[in-house]
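Everything below concerns the one structure shown next.
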Amino acid sequence: MATVTLRLRYLTWCKANPEGPLYGGGILPDPARVIQVNNETAASSPAYVLDNLATGTRYTFSCWVKIRGEESALVKARLATGNATIRCIGTALARNGCWSFLKGGFVLDSPRPRLQSYTSRWFLSEPWLLNAGASRVEISIASASLQPFTVDQWRAHQEENIRRKRKRVVAVHVADSEGIRVSQAAVSVELISKDFPFGSAMDKTILGNPPYQAWFVERFNAAVFENELKWYATEPEAGRVNYTAADELLGFARANRIAVRGHNIFWENPLYTPAWVRNLTDDQLAAAVESRIGSLLSRYSGEFVHWDVNNEMLHFDFYEQRLGRTSDPLATLFMNEFNVVETCDDAYSTVDSYVLRLRELADGGAARLEGVGLQGHFGRPNVPLMRAVLDKLAILGLPIWLTEVDINKAFHQETQVRKEEEEMRRRGGVTDEGLVAAGRVSGAGPARGVRHPAVEGIMLWTAFHPRGCYQMCLTDGEFRNLPAGDAVDRLLREWETKAAAGATDEHGTFSFEAFLGEYKVRVTHGNRSAESTLSLPRGDETKHLSIRI
């Protein structure tokens with residue numbers, strides 16, 4: 001397994017004193033008390049015995065943790081339900097002598113759980129987290145909180161977040177040539193383009209395939225190439241660079257006003273690095289890397305909304321180990337990683353590890369990473385945990401994208417649809433008061449955190465090939481929707497204002513609420529008419545449009 005060197009001094013939210021508990025502690029008794037144990041065994045970990053919890057209810061869990069006996073350790077919150085397997089419901093990278101914030105959640109599927117927080121022995125054996133020879137870790141917990149939400153409450157909160165962050169009120173004012181307001185004028189509004197990027201991976205099989213192209217363009221305003229820009233695809237042999245497939249895909253996207261992510265410049269996993277690159281000396285590798293960057297920059301400058309610069313660098317370090325960090329003069333650069341939002345069981349890609357790595361890179365000045373890429377290859381999605389991860393990532397103040405969303409094909413298709421739909425609804429909204437708390441923890445102001453949306457784009461990893469899809473297909477071979485495709489269509493209908501219509505009131509005003517985007521507005525009154533375009537960007541105040549007829 002690859003090792004990653006973390007400079008733990010960048011854990012900037014490690015505080016001298018814990019904050020107060022979220023939701024006033026929720027349903028936990030005496031949340032302000034400090035629980036402290038010597039953690040020699042899991043059984044001696046700080047624990048809460050929780051009674052009368054309901055299956056299907058969404059529970060958000062948070063606390064502040066502090067350790068002694070080690071410089072640093074990964075602390076996991078786990079849920080034990082009788083004889084059931086203990087599950088990870090949240091993590092924090094804790095440091096000796098100060099308090100770190102842990103936020104997670106779960107959906108209960110069996111009664112009478114025991115909520116435990118403890119260091120995981122298998123992970124603490126990693127030398128980059130522990131001092132050699134250490135044997136005891138003392139853990140303290142303070143300001144614990146457990147807050148339940150019914151399904152209806154959860155959904156209502158999502159809808160309110162979507163309304164506040166993805167929609168805006170518009171007032172169309174109609175007047176005649178003399179400037180006198182016109183009442184009972186007919187106003188119709190038609191969507192031209194959506195603001196929120198929602199798309200899918202596509203493969204070169206879409207080229208020359210009109211049914212596939214029509215199906216794709218009808219739904220998506222964003223795309224990513226599945227493999228066609230990866231180094232092993234564009235330069236399988238040294239000096240033999242071929243961008244034909246990427247160029248053709250880009251031409252299709254450009255012709256249909258589809259924004260495209262650049263995926264990827266480098267992949268830190270050596271298995272997906274061209275064989276000829278792996279065999280280069282350090283000096284030759286440095287030259288090849290510069291050539292790769294220069295080639296992409298000269299050919300595609302301004303063509304992609306952003307790039308995944310180093311793919312999966314929390315898990316692998318081929319380039320960094322050989323070359324250190326290099327500056328990459330390309331577009332907006334994203335760090336793209338798996339198992340950050342999908343689970344908290346992967347020690348290499350905890351949310352805190354992600355934040356620390358971004359800050360470490362930024363502090364070193366070696367790369368201007370400006371975006372958070374979360375792949376989203378889900379098995380069993382834990383929706384409250386996902387929300388907690390987004391809450392903590394939002395402290396960065398960077399755009400967050402779900403870059404490769406799918407559900408493992410091992411799930412029954414109907415289950416896959418339900419999980420996918422719930423997951424994407426969650427991504428369409430933003431975060432809760434935990435976002436405010438995360439902002440305080442990082443030193444960022446709460447107002448800044450609340451204003452920052454959790455996700456600014458969603459990409460499905462559902463490129464279709466004759467052999468099928470990576471994990472999840474939306475259509476069959478004739479491009480008829482499968483159940484997962486129907487779920488996507490339902491969400492698209494919910495997340496856009498196709499049209500609005502009505503008449504102006506006695507003040508000559510017609511008001512409506514619409515999703516952000518570009519609209520065509522037409523006004524008629526008697527034999528007079530006029531048209532205008534409306535750009536509806538993000539904003540808190542009402543957007544006003546004046547039209548004279």
Side-chain angles (χ1 to χ4, degrees), residues 56 58 107 150-167 189-202 211-224 258 341 376-378 380-381 383 386-387 390 401-409 411-430 453-464 469-500 512-517 519:
R58 277 75 169 145
V107 178
T150 66
V151 173
D152 288 342
Q153 288 172 331
W154 193 271
R155 174 63 63 84
H157 183 69
Q158 292 175 359
E159 295 301 325
E160 175 60 19
N161 280 328
I162 290 173
R163 188 192 67 77
R164 289 189 297 109
K165 298 295 183 179
R166 311 295 185 201
K167 302 174 82 172
V189 181
E190 180 183 354
L191 177 68
I192 298 174
S193 64
K194 294 175 289 188
D195 175 78
F196 187 80
F198 184 83
S200 172
M202 60 182 180
Y212 188 6
Q213 293 177 357
W215 181 90
F216 195 99
V217 170
E218 183 182 354
R219 288 160 176 80
F220 301 127
N221 64 350
V224 61
I258 294 172
V341 73
H377 296 292
F378 291 96
R380 293 184 178 273
V383 176
M386 297 170 208
R387 183 175 101 175
L390 289 179
W401 279 57
L402 272 291
T403 58
E404 304 179 18
V405 175
D406 60 19
I407 304 292
N408 192 286
K409 60 188 175 185
F411 283 82
H412 185 275
Q413 195 171 65
E414 292 298 334
T415 302
Q416 188 182 63
V417 170
R418 177 173 52 82
K419 295 291 186 182
E420 174 200 17
E421 196 165 0
E422 182 174 29
E423 166 59 14
M424 289 189 294
R425 277 202 175 90
R426 172 68 203 121
R427 299 312 171 201
V430 289
V455 173
E456 294 192 3
I458 298 174
M459 303 297 297
L460 306 177
W461 202 250
T462 50
F464 183 85
C469 307
Y470 174 66
Q471 291 289 342
M472 183 176 74
C473 278
L474 303 182
T475 76
D476 62 17
E478 301 300 319
F479 300 99
R480 296 179 298 240
N481 271 7
L482 297 172
D486 288 338
V488 168
D489 284 354
R490 286 194 297 271
L491 289 168
L492 287 171
R493 288 193 295 269
E494 288 182 23
W495 290 354
E496 64 184 16
T497 306
K498 278 287 189 183
F512 63 98
E513 187 178 60
F515 280 89
L516 307 180
Y519 293 87

Side chain to side chain contact (heavy atoms under 4.5 Å, CB included) between Phe216 and Met202, worked out: CA-CA 9 Å; Phe216 195 99; Met202 60 182 180; 4.0 Å; yes
Can Arg219 and Phe198 be said to form a side chain to side chain contact (heavy atoms under 4.5 Å, CB included), step by step? CA-CA 8 Å; Arg219 288 160 176 80; Phe198 184 83; over 6 Å; no
Output, in order, the C-alpha distance, side-chain angles, deciding distance and verdict of side chain to side chain contact (heavy atoms under 4.5 Å, CB included) for Asp406 and Leu460. CA-CA 6 Å; Asp406 60 19; Leu460 306 177; over 6 Å; no
Stepwise side chain to side chain contact (heavy atoms under 4.5 Å, CB included) check, Leu474 with Asn481: CA-CA 6 Å; Leu474 303 182; Asn481 271 7; 5.5 Å; no
Under the ring pair (Phe, Tyr, Trp, His ring centres under 6.0 Å) rule, what do Trp495 and Phe515 come out as? Steps first, then yes or no, please. CA-CA 7 Å; Trp495 290 354; Phe515 280 89; 8.1 Å; no
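For Asp486, the salt bridge (charged side-chain N to carboxylate O under 4.0 Å, His left out) criterion is met by no residue, not counting sequence neighbours. Shown here are the side chain to side chain contact (heavy atoms under 4.5 Å, CB included) partners of Leu516, two or more places apart in sequence or in another chain: Arg168, Asp195, Leu536, Arg538. With sequence neighbours excluded, the residues forming a ring-ring contact (aromatic ring centres under 6.0 Å, His included) with Tyr212 are Phe479, listed by chain and number. Not counting sequence neighbours, the partners of Glu190 by the salt bridge (charged side-chain N to carboxylate O under 4.0 Å, His left out) test are Lys520. Applying the side chain to side chain contact (heavy atoms under 4.5 Å, CB included) criterion to Ala222, with sequence neighbours excluded, gives Pro197, Met459. Take Arg480 and apply the salt bridge (charged side-chain N to carboxylate O under 4.0 Å, His left out) test, not counting sequence neighbours, and it matches Asp476.
The main-chain N or O of His377 is never found under 3.5 Å from a side-chain atom of Asn408 such that the two would form a donor-acceptor pair. Listed for the Arg380 side chain is no donor-acceptor partner under 3.5 Å among the backbone atoms of Phe378. In this structure, the side chain of Gln153 engages the main chain of Thr150 through a donor-acceptor pair within 3.5 Å. Side-chain atoms of Gln471 come within 3.5 Å of backbone atoms of Lys409 as a donor-acceptor pair (strictly under, hydrogens ignored). Not one N or O on the side chain of Asn221 forms a donor-acceptor pair closer than 3.5 Å with the backbone of Ser193. No side-chain donor-acceptor contact under 3.5 Å links Arg387 to the backbone of Val383.
For the pair Ser200 and Val488, the minimum side-chain heavy-atom distance is 4.5 Å or more. Between Arg163 and Glu513, some side-chain heavy-atom pair lies under the 4.5 Å cut-off. Here the side chains of Val217 and Ile258 are in contact, with some heavy-atom distance below 4.5 Å. Looking at heavy atoms from C-beta onward, Asn161 lies in side-chain contact with Arg164 at the 4.5 angstrom threshold. Thr475 is listed as a side-chain neighbour of Trp215, based on a closest heavy-atom distance under 4.5 Å. Between Tyr519 and Ile192, the closest side-chain pair of non-hydrogen atoms is not below 4.5 Å.
To the nearest 0.5 Å, atoms NZ (Lys165) and CD1 (Ile162) are separated by 13.0 Å. Interatomic distance, CZ of Phe220 versus CD1 of Ile458, reported as 11.0 Å (0.5 Å rounding). Atom CD of Glu159 and atom CH2 of Trp154 lie 13.5 Å apart (nearest 0.5 Å). Here Cys469 contributes atom SG and Leu482 contributes atom CG; the two are 8.0 Å apart, rounded to the nearest 0.5 Å. Atoms CZ and CZ, from Arg58 and Arg155 in turn, are 8.5 Å apart once rounded to the nearest 0.5 Å.
Heavy atoms only, all atoms of each residue included: Met472 and Val405 are closest at CE-O, 4.2 Å. Minimum heavy-atom separation, Leu191 to Thr497: CB-O, 3.3 Å. Between Pro381 and Ile407, the shortest heavy-atom distance links the atoms CG-CD1, 4.0 Å.
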